[in-house]
Each structure stands twice: as C-alpha cells, then as structure tokens.
Amino acid sequence: MRKITIAIDGYSSTGKSTVARQLANWLDYVYVDSGAMYRAVTLYAMRNGFISETHIDTDKLINALPNIRVEFRKNKGGKAEMYLNGENVEKAIRSMEVSEYVSPIATIPEVRRKLVRLQHKMGEEKGVVMDGRDIGTVVFPNAELKIFMTATAEERAGRRYRELVARGDSVQYEEVLENVTERDHMDSTRADSPLKKALDAIEIDNSDMNLEDQFHIILQLAKDRIAGRI
Ligand code: CDP
C-alpha cells in the first residue's frame with residue numbers, strides 16, 4: 001500500500017499529539033512530535049544559563065547549537081521519547097517552565113533551521129505522521145493529508161491543566177490558560193514559519209469531540225488519501 005505524509009498542525013494543547021500517535025500506531029507509521037524537539041532545545045538553553053526572566057541570550061544559544069543533539073528513542077512499550085544529548089528528557093520537557101520559554105526559542109531562525117533539517121530526514125521515506133505548527137506549511141508542504149486542529153482556549157487550557165496535575169505538577173488553571181494564549185499569539189505572529197492553516201488543510205474543531213470520534217474522522221481521511229480517493 002502506498003505510504004503518505006500526514007501533517008497535523010494547530011494551536012497548543014489541541015490534542016494533536018494524541019491523534020497523531022493513534023494514527024501512526026494504526027497505520028504503522030513513524031510518529032514525530034516536532035514540539036518535543038523545540039522543547040528539548042529550550043531545556044538545554046535553560047540548563048546552560050542562556051535564559052533569564054527578562055532575557056534570552058540568542059547568540060550563545062546559536063553558538064551552542066552544534067552541541068545540542070536531539071533524538072527520539074523508543075521505550076520498552078514502543079513509545080518514542082525525547083533524548084537530549086543522550087539523556088531521557090521526556091518528562092522534563094513537558095514542565096510549565098519549559099512551556100513558558102519554548103515559544104520565544106522557537107522564533108529563532110537558526111533553531112528552526114536545525115530542527116527542520118532533522119524533521120525532513122525523519123520524514124524522507126514517507127509513512128510519517130508529524131505534528132507541530134509549520135508542518136503542512138513549511139516542513140512538508142506537499143503532505144498528502146494536512147489537518148489543522150482548533151478548540152476554544154478554555155477547553156485546551158483545561159485539558160493541559162488536567163494533564164499537568166495528573167503527572168504531579170502543582171499549577172493553577174489560570175496560569176495554564178495564560179500560557180496557552182500567549183504561546184498561540186507568539187506562534188501565530190512570529191516572522192519565521194508562523195502557525196497558520198495551510199490552504200489545503202482540513203480544519204477540525206474538537207472542542208466538543210471525544211478522542212474516539214476525532215480519531216475515526218481523521219483515520220477515514222487518511223485511508224481515503226492512501227487509497228487515492230481524494
Ligand atoms: O503540546 P503543545 O501543543 O502545547 O505544544 P508543542 O507541540 O509541544 O510545542 C511547543 C512549542 O514549540 C510551540 O508552542 C511552538 O512555539 C513550538 N513549535 C514550533 O514552533 N514549531 C513546531 N513545528 C512545533 C512546535
């Protein structure tokens with residue numbers, strides 16, 4: 001059966017990763033969480049003192065880029081996890097602190113260039129589901145299926161808040177809502193590769209959709225594309 005490229009973009013916490021992972025499992029495709037790569041670079045910058053409350057030392061980060069190795073490795077259950085210079089950072093990159101700094105880091109063109117190069121490599125043989133902000137517009141503009149996911153900011157913040165509480169983080173709902181809104185704004189207005197719906201993307205608002213319905217809708221679209229029906 002022919003393999004295709006599936007690009008899933010959208011606002012923060014819209015459940016892109018969940019549906020992308022489900023699709024990749026079902027189709028036996030590779031799943032790439034491009035956001036995890038931006039988060040790992042952000043964690044590196046935080047740990048190396050390139051970020052303070054008021055300032056990001058962009059030059060230092062750009063100079064350090066050759067020393068930053070980000071890669072996915074599968075855990076025992078077969079789930080891909082993020083490694084930064086050989087260390088498993090899957091949990092660390094999902095913290096609120098990383099979420100606070102990741103969007104400014106993702107505006108830096110040199111960072112994007114490095115990560116997009118890796119993303120191209122991961123998807124060169126097709127059979128890939130990649131989620132992010134610029135996958136259908138910049139990384140894989142020729143993807144056979146492009147999905148653009150949206151939901152209300154309150155619904156998305158609620159989902160992310162429950163996720164963070166479930167993993168034991170102490171956060172306030174208001175703080176999460178503010179982060180989600182700020183990141184959306186910064187991601188959509190940056191000069192390099194802003195978040196926007198590709199002209200040929202299918203928009204899915206999942207504010208009132210359960211995970212199963214959402215998966216079946218997108219799986220059907222993927223099956224149609226694979227079969228060349230649309
Ligand atoms: O999980 P969530 O939707 O909150 O975010 P994520 O997918 O982990 O992405 C974290 C951040 O990385 C985003 O807010 C963007 O600033 C950046 N990002 C990006 O610029 N381009 C991508 N392809 C993926 C993420």
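As the structure lists them, so they are numbered: ligands from 1, and atoms in each ligand from 1.
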Nitrogen or oxygen atoms of R39 and ligand 1 under 3.5 Å apart: yes

Within the structure, does S13 bring an N/O atom to less than 3.5 angstrom of an N/O atom in ligand 1?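 The answer is yes, given that S13 and ligand 1 share an N or O pair closer than 3.5 Å.
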
Residue selection (non-hydrogen contact nearest [atom]) among [options]:
atom                    : options                : value
atom 21 (N) of ligand 1 : R159, R156, M130, R112 : R112
atom 22 (C) of ligand 1 : M149, R190, R133       : R133
atom 1 (O) of ligand 1  : K16, R183, E163, R160  : R160

With atoms numbered from 1 as shown, which atoms in ligand 1 lie under 4.0 angstrom from a non-hydrogen atom of [X]?
X    : answer
D134 : 21 (N), 22 (C), 23 (N)
G35  : 6 (P), 7 (O), 8 (O), 9 (O), 24 (C), 25 (C)
S103 : 14 (O), 16 (O)
A106 : 16 (O), 17 (C), 20 (O)
S12  : 3 (O), 4 (O)

Option from L221, I226, V129, V128 for which side-chain contact (heavy atoms from CB on, under 4.5 Å) with I6 holds: V129

Sidechain N-carboxylate O distance under 4.0 Å for R167, D169: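 Counted as a salt bridge, because a side-chain N and a carboxylate O are separated by less than 4.0 Å.
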
Between E87 and R47, does any NZ, NE, NH1 or NH2 come within less than 4.0 Å of an OD or OE carboxylate oxygen? yes

Is the centre of the Y38 ring less than 6.0 Å from the centre of the Y101 ring?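 No, they do not, as the ring centres are separated by 6.0 Å or more.
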
Does NZ or CZ of R21 fall inside the cone over Y31's six-membered ring, less than 6.0 Å from its centre and within 45° of the axis? no

Any donor-acceptor pair under 3.5 Å linking the side-chain atoms of [Y] with those of [X]?
X    : Y    : value
S99  : R160 : no
N210 : Q214 : no
N206 : R156 : no

To the nearest 0.1 Å, how far is atom 16 (O) of ligand 1 from its closest protein heavy atom, and which atom is that? D187 OD1, 2.7 Å

Who's the nearest protein heavy-atom neighbour of atom 24 (C) of ligand 1, and how far? S34 OG, 3.3 Å

